[in-house]
Structures are given as C-alpha cells and as structure tokens.
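Notes follow the structure.
In what follows, chains carry the letters A, B, and so on, assigned in the order in which the sequence lines appear, proteins first and then strands, with residues in each chain numbered from 1. These figures come from a predicted structure and were not determined experimentally.
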There are 2 protein chains.
Amino acid sequence: MEQSDTRESLLDAAEELFSEHGIQASSVRAITQHATANLAAVNYHFGSKDGLVRAVFARRLKPMSEERLRELDGCDLSAPDAVEQVLVAFLKPVLRMAKETPEGARGFARLMGRAFSEPNEEVRQAILGELSESIHRFLVAFSQLLPHLPQDELIWRFHFVGGAMGHTVACGHLLERSLEGRCHIGDTGEVLQRMVPFLAAGMRAPAGTQEALIKETT
Amino acid sequence: MEQSDTRESLLDAAEELFSEHGIQASSVRAITQHATANLAAVNYHFGSKDGLVRAVFARRLKPMSEERLRELDGCDLSAPDAVEQVLVAFLKPVLRMAKETPEGARGFARLMGRAFSEPNEEVRQAILGELSESIHRFLVAFSQLLPHLPQDELIWRFHFVGGAMGHTVACGHLLERSLEGRCHIGDTGEVLQRMVPFLAAGMRAPAGTQEALIKETT
DNA sequence: GTCTATATAGCGATAGAC
DNA sequence: GTCTATCGCTATATAGAC
C-alpha cells in the first residue's frame, strides 16, 4: 500500500534542509542527495521544487490543526483557568511537533516560524489557508472567555500569542544561548510553563488607553 | 563630503529588495538595477554581496540601539507604570523605523523580524553583536522593576516580548488582513496602545507552576 | 519509477578599458 | 569610480534510455 519510499525520504530531507538553511538556499540537488535519491526524483514526484515545498507544509499542517481542535474541544471553557487551557490547546501541538520532527527542535516547527514571511506568496497562501479554520475557532473560544474585549483587541492579542510562539519555536537557539543551556526548547512542559502564565496574563489584561504614556509618537 | 551617491543608493535598494523578497532571493543584479548602478558597483563598494548585507544591517542597527538606550534613560523606574515605560522605550524605536524606512512598514523592520533565522550564521552574529548591549541594559532594568522574578524567567519573558514585536513588525500584513484594514502598522501610537498593556501584564504575571494543567506533555 | 545526460538560465565575482 | 565583457559555477527542469 505504500506509494513510494522515495517520496517520503524526499519530504524528510527537504524538511530538514529547509529548516536548517531556508527554502531558497536548499537546492534540489542537495535535497535529493540528502535523501539518497536521484536528482530527477523531485520533479517526478512533485512536479517542481515549489510542489515539493507545498507538500512539505501540507504533510504537517493538517494533522497539527486537527490536533489543536481536538485539544480545544477538550477544554472546559467554564473553568477559572479556561484561558490557560485554551492557550495550551493552541501551543501544545506546535511544541510537540518541534520535538518530534526528525531533527528535533530545529525541525519543521522552526521552519513554520519563518514561513509567514520567507517563502513566495503562493506558498504563504497555502499555509494560511491550511491554518485559517483553526485560528478562527480559537478566536471564537477566546471571545467567549473574554467577552469584555472588543473583537479587534482580541485579534491583536492572538497575534501577539502567535508571535511569541513562532519566535520561541523558530529562534529557540537565541533563548538557549541567553540561558546558557538552562532550558530545552524540546521540553514541551517547560516551555508551556514559561509561556502560558505570560500569555494568559496578557490576554486577560484590561484593554489599554494610556494616552499619557504614548502620546508622543514622532 | 559625501563619499558616494551610489553607495547609499545600493544600500537603499538592497534594503528594499531584501525586505520584500528575502536576502537570498535578491540578486546583486536586481539590486544594482534597482539602484540604477552598475553590476560591478556592489563588489567595488562592499567587496561582496555578504559585505553589502552586513552594511545594510549596520546602517540601521546602531542608531536604533542608541535611540532605545536614550529612551530607557528617560524612563522613571520608580513610577507605577515603569514597566510600561520601559516597554515603550524598547518598542518605539523599532516601530518608528518600521514607519520611516523607505517603503514604510514593509521595510527594514520587517527584514529585522526575520533576520534571526534567515540569513547565514555570519550575518546573524553581526546582528546579535550590534544588539546585545541594549538587550542587556533592558534586562537589567526589568530585573530592577520585577525583583521577585528569577533571572531565567525574566529572560524567557523578554524573549516573548521580542517575539511579539518581531512578528508584529515582520508579519503586519497578517494583522492588516485579519482586521480588514482596521489597523495601521505604521501608526506607532496605535501599535503601542495594543502591545504595551498585553506585554506589561505578561511581564508582571506571577511566575507559573500550573503543574495540573501542563502535566501531560506527551 | 529510476537513472544519465543535458538544455537553459541565472548567479557572484573579476579583469581590464575608460 | 564606473563601465563592459566574461569566467566559472550552480540552479531548475526535462528528454529519453532502462
């Protein structure tokens, strides 16, 4: 029933090289070589390098979104720590992926953190399309938990959550350097322990109007 | 006293193309053409494409760090809103740059947001070196304001601040799309109004140990 | 489905005239 | 300091044998 061993090897090799050197910098030659496949295999299986890029993202994004929604369905939205629960539901699947992907924390998740800005427009749209449903579901959940917040404020805040998450997962090496090894980005529990209290407090903060502080913006 | 008009044109053109298409994807040919300079000019003025890349970052990073430290020195660390003040000192110079850079919010600041992961190791080190002093000064300020937080917790939180900032500045287009135009990433005051209450609440949050919530991490 | 060989194009960098 | 011309290399993609 297996379609092709080579196909999966190519996806694995591409994922690893993309996450390490970026998409542009990873040549089809390097990918096929790393997968011990023939140079022509990429074009045979994916049509083009762009097709391979799309396939690399598609393979991981759908299961990740499904896991997120499953976690979200398991949250008790009436609990006092519902905000924390929903944050964990959003973060855990990404952090788990950062751990499990072939080369660990520097794998697919790290690639994801960059994906919104790096690749070409076409690929970016494919990624956003795959994510939009689960993002919407989480926004609905947060708006139930924080009904006093205007919808726009909620969108900003969820955007900050995504930024902190993406940066952590994409630039964990910065953190490991700053902490001189006293952290492990692959340790889902530890990362959640750090992120969730910070982000939950941010989500719960009263919407701000400190005109005095910010008035001078020139 | 001006050294070379071409030199500045090349920096401007490179900055714009790098931020729009990425460093790797911007060829020396495209850069010189966009600057209406000769193909050989990059090698003459900067030695190599890598030299140009370093020069693009160096030109903006030093003034930005200096402005940050100036703003920090202007903060009243004994005020009740000292955390907010320090956050503004950290964020405002970047947001201002996002506004002023040639092509607006999609300019140098957007490039910065990606710079920690995208380019080659050498360039990354140059950027970090330019930033490390001001980062350290801000960590010291925060540790004075939040003496109850362990140093490691502080580093994690400051990392989240950087992530939210980088994502906002690098992926503002996501936000503008989500908000259907009801925001302007170039409006420093508006962005600070959204970011500072969220991040200040996160910085002030008690360090978390919700073992119950996060225990299951497989 | 996998291979070799190659077409076609673009790249960074440099030599040398002006 | 700016130009043209070009070297040497690598890229993606494909044609056609097996």
Side-chain angles (χ1 to χ4, degrees), chain A residues 1-59 111 114-115 118-124 126, chain B residues 1-59 111 114-115 118-124 126:
Chain A
M1 188 52 68
E2 67 168 7
Q3 185 158 328
S4 165
D5 199 11
T6 303
R7 216 189 117 94
E8 282 298 305
S9 302
L10 287 171
L11 287 172
D12 289 339
E15 181 174 84
E16 185 173 334
L17 293 179
F18 288 170
S19 73
E20 197 162 344
H21 309 294
I23 295 174
Q24 270 276 352
S26 304
S27 68
V28 173
R29 292 174 137 79
I31 293 165
T32 50
Q33 191 170 337
H34 197 269
T36 52
N38 186 271
L39 169 62
V42 162
N43 271 274
Y44 178 77
H45 286 284
F46 304 99
S48 68
K49 182 185 176 180
D50 251 47
L52 171 61
V53 174
R54 273 190 294 273
V56 164
F57 282 98
R59 179 174 66 151
L111 177 58
R114 283 181 269 161
E118 183 188 345
N120 61 58
E121 179 66 18
E122 199 187 345
V123 173
R124 221 161 56 199
Chain B
M1 187 56 64
E2 68 168 4
Q3 184 158 330
S4 164
D5 199 11
T6 303
R7 218 189 114 94
E8 283 297 305
S9 302
L10 287 172
L11 287 172
D12 290 340
E15 181 174 84
E16 185 173 336
L17 292 180
F18 288 170
S19 72
E20 197 162 347
H21 309 294
I23 294 173
Q24 183 80 348
S26 303
S27 69
V28 173
R29 292 175 140 80
I31 293 165
T32 49
Q33 190 170 339
H34 196 268
T36 52
N38 187 271
L39 170 62
V42 162
N43 271 275
Y44 178 79
H45 287 284
F46 303 98
S48 66
K49 183 185 175 178
D50 252 45
L52 171 61
V53 173
R54 274 190 295 273
V56 164
F57 282 98
R59 179 174 65 152
L111 177 57
R114 283 181 268 161
E118 183 187 345
N120 60 58
E121 179 65 18
E122 199 187 346
V123 173
R124 222 160 56 198

Given C:dA15, D:dT14, C:dG12, which nucleotide is nearest the side-chain atoms of A:Asn43? D:dT14
Sub-3.5 Å donor-acceptor pair from the side chain of B:Lys49 to the main-chain atoms of B:Asn43, do we have one? no
In whole Å, what is the span from the CG atom of B:Asp5 to the C1' atom of D:dT2? 13 Å
For the pair made of CZ in A:Phe46 and P in C:dT2, what is the distance, rounded to whole Å? 11 Å
Using atom OH of B:Tyr44 as one end and atom P of C:dG16 as the other, report the distance to the nearest whole Å. 17 Å
Length of the line joining B:Ile31:CD1 and C:dA13:C1', which is rounded to integer Å: 14 Å
Identify which one of A:Leu52, A:Leu39, A:Leu10 satisfies the side-chain contact (heavy atoms from CB on, under 4.5 Å) criterion when paired with A:Val28. A:Leu39
How long is the line joining CG of A:Leu39 and C1' of C:dT6, in whole Å? 11 Å
Grab the CG-P distance between A:Leu10 and C:dC3 for me, whole Å please. 11 Å
Short question: side chain of A:Ser26, backbone of A:Leu17 - any donor-acceptor pair under 3.5 Å? yes
Assess whether one donor atom and one acceptor atom, taken from the side chain of B:Arg29 and the base of C:dG10, lie less than 3.5 Å apart. no
Which is more 5' along DNA chain D, the nucleotide nearest A:Ser27 or the one nearest A:Ala40? Just name the residue. A:Ser27
Could you go through B:Asp12 and B:Arg59, starting from their C-alpha distance and side-chain angles, then the distance that decides it, and tell me whether this counts as salt bridge (Lys or Arg N to Asp or Glu O under 4.0 Å)? CA-CA 10 Å; B:Asp12 290 340; B:Arg59 179 174 65 152; 3.0 Å; yes
For B:Asn38 and D:dC3, give me the distance from atom CG to atom P, rounded to whole Å. 5 Å
Hey, is the side chain of A:Thr6 poking within less than 4.0 Å of OP1 or OP2 on C:dG1, counting only N and O atoms? no
Expressed in angstrom and rounded to an integer, what is the separation of B:His21 atom NE2 from C:dC11 atom C1'? 16 Å
